[in-house]
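Position 1 is the first residue of the sequence; numbering continues from there. For the numbers below, each heavy atom of this structure counts, side chains included, while hydrogens, waters and symmetry mates do not.
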Amino acid sequence: MTELMRDPNPATTGTEIIALAYKRASTEEQLKGYGLDIQDDELRTWEAEDTKRTILEVFSDEGVSGSLDRRPAMLRLEERALAAEQTASWSRTWTA
């Protein structure tokens with residue numbers, strides 16, 4: 001997980017972070033090296049690092065290329081964020 005994902009730190013900002021998370025692996029090779037289970041573990045670790053962090057929902061695209069602009073789970077995440085009546089903060093945890 002990158003430092004980008006770890007900032008801002010709610011302990012220093014005094015702000016609760018409510019997040020929608022996204023994970024993706026497009027090939028069998030990616031699934032073996034940095035699969036969805038590992039990504040799940042990293043997301044839950046990030047959430048557990050501070051009591052002010054909450055992941056509301058995790059969206060997952062397995063076997064979907066990152067080069068596609070219209071990935072199904074990413075579209076559902078965007079719809080969910082747009083429908084929410086809260087401030088959304090976007091972070092990217094990895095590139096493939």
Side-chain angles (χ1 to χ4, degrees):
M1 188 169 308
T2 67
E3 287 305 311
L4 174 62
M5 182 65 176
R6 297 186 186 284
D7 290 331
N9 181 346
T12 58
T13 63
T15 305
E16 182 176 10
I17 296 175
I18 299 174
L20 299 174
Y22 177 77
K23 59 185 184 169
R24 180 192 62 77
S26 61
T27 65
E28 285 297 319
E29 191 171 311
Q30 286 178 339
L31 287 170
K32 291 177 189 172
Y34 193 63
L36 300 177
D37 290 342
I38 292 169
Q39 294 174 41
D40 265 334
D41 291 345
E42 288 198 357
L43 288 168
R44 295 303 168 201
T45 297
W46 174 83
E47 181 181 39
E49 287 175 344
D50 194 295
T51 59
K52 294 181 181 179
R53 294 178 180 168
T54 303
I55 295 176
L56 291 179
E57 191 171 348
V58 177
F59 296 83
S60 177
D61 277 321
E62 182 175 345
V64 178
S65 173
S67 66
L68 297 175
D69 289 337
R70 304 194 52 80
R71 290 171 256 154
M74 180 59 82
L75 292 172
R76 288 193 308 276
L77 181 149
E78 290 172 357
E79 289 171 7
R80 174 81 158 81
L82 290 173
E85 292 184 15
Q86 54 192 305
T87 303
S89 177
W90 295 80
S91 293
R92 188 170 189 169
T93 58
W94 63 90
T95 57

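In this structure, Leu36 CG and Asp41 CG are separated by 11.0 Å, a value rounded to the nearest 0.5 Å. Atom CD of Glu57 is separated from atom OH of Tyr22 by 13.5 Å, given to the nearest 0.5 angstrom. To the nearest 0.5 Å, the span separating CG on Leu56 from CZ on Arg80 amounts to 5.5 Å. Once rounded to the nearest 0.5 Å, the distance linking CG of Asp61 with CG of Leu77 reads 10.0 Å.
Residues passing the side chain to side chain donor-acceptor pair (under 3.5 Å) test with Ser67, sequence neighbours excluded: Ser65. For Asp40, the salt bridge (Lys or Arg N to Asp or Glu O under 4.0 Å) partners are Lys23, not counting sequence neighbours.
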Trace of the side-chain contact (heavy atoms from CB on, under 4.5 Å) decision for Arg53 with Trp46: CA-CA 8 Å; Arg53 294 178 180 168; Trp46 174 83; 3.4 Å; yes

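Taking a cutoff of 4.0 Å between a charged side-chain nitrogen and a carboxylate oxygen, Glu79 and Arg76 do not qualify as a salt bridge. Salt-bridge check for Glu62 with Arg24: failed, with every basic side-chain N at 4.0 Å or more from each acidic carboxylate O.
Across Ala73 and Ser60, no two heavy atoms sit closer than the pair CB-O, 3.3 Å.
By the 4.5 Å heavy-atom criterion applied to side chains, Glu47 and Arg44 are counted as neighbours. Taking 4.5 Å as the limit, every side-chain heavy atom of Ile17 sits out of range of all side-chain heavy atoms of Lys52. Looking at heavy atoms from C-beta onward, Ile55 lies out of side-chain contact with Leu20 at the 4.5 angstrom threshold. Considering only heavy atoms from C-beta on, Glu16 stays 4.5 Å or farther from Asp50 through its side chain.
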